[in-house]
Amino acid sequence: MVQCNSTVNVYQHLPALLSTNQQHIWTPPPTGFGKCNLDAKIFTNSLPFGIDICIRGEHGHFIQVKMSSFNGIPTLAQAEAWALYHALQWTSHLGYQNVILKATGRQLLTILLLLLI
C-alpha cells in the first residue's frame with residue numbers, strides 16, 4: 001500500500017525548484033492546450049519515493065506544480081505509473097480538459113503499451 005506523506009503546491013519560483021543534469025528541450029503544446037510534465041523519483045538512501053507534476057501553458061508560461069512523497073518501495077515503473085495516476089486526477093480536479101501529458105520515464109511507456117495490447 002502507498003501512503004501519501006505530503007503534498008506541496010507551488011505557484012511561483014519554479015526555476016529554483018528544478019535542477020537537472022540532463023538537457024531537455026521543452027516543446028509547447030498546440031493552441032488551446034496545456035502541457036503536463038510528470039516524473040517519479042526513487043531515493044536509494046530513504047524509503048519514500050516522490051512524484052513531480054508541472055503544468056505549463058501553450059506559450060510556455062508556468063501554471064502550477066505539484067510535488068508529493070509516498071511511503072513504499074515501488075519499482076521505477078510502478079512509481080511512474082503512480083505519477084501518471086496522480087497527474088490525471090490532479091488535472092481533472094483542476095478542471096483541465098485539454099492537457100497533453102508527458103512522462104520522462106521509459107518504464108511508463110512500456111506499461112502503457114502492455115496495457116493496450
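Below, each value reflects all heavy atoms present in this structure, side chains not excepted, and no hydrogens, waters or symmetry copies.
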Of the non-hydrogen atoms in I51 and A79, which two are nearest, and what is the gap between them?
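Between these two residues, the closest heavy atoms are CG2-O, 4.2 Å.
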Mind listing the closest non-hydrogen atom pair of Q64 and L94 along with its distance?
OE1-CD1, 3.3 Å
Could you pull out all residues at least two apart from K41 that satisfy side-chain hydrogen bond (donor to acceptor under 3.5 Å, both in side chains)?
D39
Please identify each residue that fulfils side-chain hydrogen bond (donor to acceptor under 3.5 Å, both in side chains) with N37, with sequence neighbours left out.
W26
Report the residues that fulfil side chain to side chain contact (heavy atoms under 4.5 Å, CB included) with [X], sequence neighbours left out, ordered by chain and then residue number.
X    : result
I100 : P29, P30, F33
L88  : L84, L101
H93  : none
T75  : A77, Q78

For a 4.5 angstrom cut-off between non-hydrogen side-chain atoms, does [X] reach [Y]?
X    : Y   : value
S92  : W90 : no
F49  : I73 : no
I42  : L76 : yes
K102 : K35 : yes
Y96  : C36 : no

Taking atom CZ of R56 and atom NE2 of H61, what is their separation to the nearest 0.5 Å?
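Those atoms lie 10.0 Å apart.
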Enter the distance from I53:CD1 to T91:OG1 here, rounded to the nearest 0.5 Å.
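Answer rounded to 0.5 Å: 8.0 Å.
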Can you tell me which residue pairs pass the salt bridge (Lys or Arg N to Asp or Glu O under 4.0 Å) test with a partner in residues 90-101, sequence neighbours excluded?
none
Who passes ring-ring contact (aromatic ring centres under 6.0 Å, His included) against Y85, sequence neighbours left out?
W82
Spell out, as yes or no, whether a donor-acceptor pair under 3.5 Å connects the side chain of E58 to the backbone of T31.
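Here the side-chain-to-backbone pair does not exist.
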